[in-house]
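Taking it in order: structure first as structure tokens, then the write-up.
Per chain, numbering begins at 1; letters A, B, ... match sequence-line order.
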2 protein chains.
Amino acid sequence: MSFDGQLPPKVRLLRAAAELLAASGGSAVSTRQITQLAGVTAPTLYHHFGDKEGLFDAVIAAGFEEFVADERDFAPSGQPLEDIRRMWDNHVQFGLDQPELYLVMFGNIRPESRPVIVADAEALMEEMLNKAAVAGQLNVPPKEAARSILAANVGMTLMLITEKAPERNLELSAMTRDAMIFAVSTEQARDSGPEDTGKSSVVVAAIALNAALQVSNSDQLSSSELKLFLEWLHRISTSSTS
Amino acid sequence: MSFDGQLPPKVRLLRAAAELLAASGGSAVSTRQITQLAGVTAPTLYHHFGDKEGLFDAVIAAGFEEFVADERDFAPSGQPLEDIRRMWDNHVQFGLDQPELYLVMFGNIRPESRPVIVADAEALMEEMLNKAAVAGQLNVPPKEAARSILAANVGMTLMLITEKAPERNLELSAMTRDAMIFAVSTEQARDSGPEDTGKSSVVVAAIALNAALQVSNSDQLSSSELKLFLEWLHRISTSSTS
DNA sequence: GCACTTCATATAGCGTTGCTATAGGTGCTA
DNA sequence: TAGCACCTATAGCAACGCTATATGAAGTGC
């Protein structure tokens, strides 16, 4: 079996890499395997992708498109926090459906260097959290909320991947998910009764204003003024009053 | 610089591996580098440790001893949940202090295979959560609580490692930590006022009894009876009433 | 004191890895 | 037809994890 024939070598390489990666079971995939399956010799790979990591990045980019498509698949429910909930579940499901690809995307950690893909996923979640912040439902700036939730989301997904498929307990994921969302949301967004979370209303209002400015692109202030203003706003948002 | 001289080759190999690992900055460390620094040839490594992974496992085991020592360093405060809080912070600090070692320990994920080290860390946390469960402070069986908290703990630590040191925001870790602990704890253990979490008192009592049996080793029941009894108890504990 | 076993280390090299210096073929534009 | 990019192949390098084999050292039984 190979991809010889009709398709251009670049596409054949991408497909071969994706296929071998999916079948690898987590072990390494060699460039020779890939080029052989693609019906191509080594220099072709390096001409198109620079190096092995470049090829994998390209595969990841395709995988991320799929990932984003999954995340955007559902129409916004009008309840941003409910959307975040589904986003979490989609994330976990993507990891369990394609563990090898997921591990290449989120499992290749190196100190002090964040893969582009992670930043993208974070931006995606932050974007959604911004809507919640505009609605005054967020206790924490969207950026910080996104980072925390995503960290827990990745951690939970990695843990579930290490478990044998029949033993995976998705209720743990649901519990962690709800705990994280609960933690970043204001009382008015919560199902249960009111409760003092230690955040003053000024902080919540500052967060909402900040988020609203991010989406509306107001031109009342000059760019330099706006920059400083946002900086102050962020300082207020992150001041803990507890 | 090398470890030639007095110490036995096995120790020299361990030290050389640990040192190179710490200085690697996350990139791969070759057996040739290790053996050269240890002043030893290749077969010596394979005689003592079987293969490269065996050597790394040995390094990890030493690292884990240090890790456990850190975790046990503080005397139990009598408030198990407070101890969990400190355990979380120790975990994060260990990861940030020794990122390369931490990544070898917790970052080498493979589908459907959990490293021994992770199971050990989980057992350590479960052991501490058992105390909370005995005190009726747990909303969830200790095993499940430990798994969730540890997953979030690892996820958060990995995320912090990818950030550049000056930008690391430990408040995110604290927030996530408290969110997870809050989620698994019963209302009576919480600082803020009472709140219905949807868990009936029978579930909480079952969890407490289960945990108490784990530590006390009661001999009122035969082992076969106990096994069945515990199974039922666990079934009650995990029945969600929300 | 001497053969014998056992453990520990060295010499040398196998097969595979990621990657590349160099050259040749192909198709388009002038 | 000439020239010029673009793309691909031949062949091979250095580094990798690992091992078949041999040699030395240390203990043991007679």
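Between the side chains of T176(B) and W88(B), no donor N or O sits under 3.5 Å from an acceptor N or O.
F182(A) has its ring centre less than 6.0 Å from the ring centre of F182(B).
Residue Q33(A) places its CD atom among more than 12 non-hydrogen atoms of other residues, nucleotides or ligands, all under 6.0 Å distant.
Rounded to whole Å, the distance from CG on L13(B) to C1' on dA8(C) is 12 Å. Spacing between atom CG of L20(A) and atom P of dT17(C) amounts to 12 Å, rounded to whole angstrom units. Rounded to a whole Å, the CZ atom of R32(B) is 10 Å from the C1' atom of dA14(D).
Of the residues in residues 41-57 of chain B, those lying under 4.0 Å from DNA chain D by heavy-atom distance are A42(B), P43(B), Y46(B), D51(B), K52(B).
At distances below 3.5 Å, not a single donor-acceptor pair connects side-chain atoms of T44(A) with backbone N or O atoms of V40(A).
Residues V92(A) and S173(A) come closest through the heavy atom pair CG2-OG, 3.7 Å.
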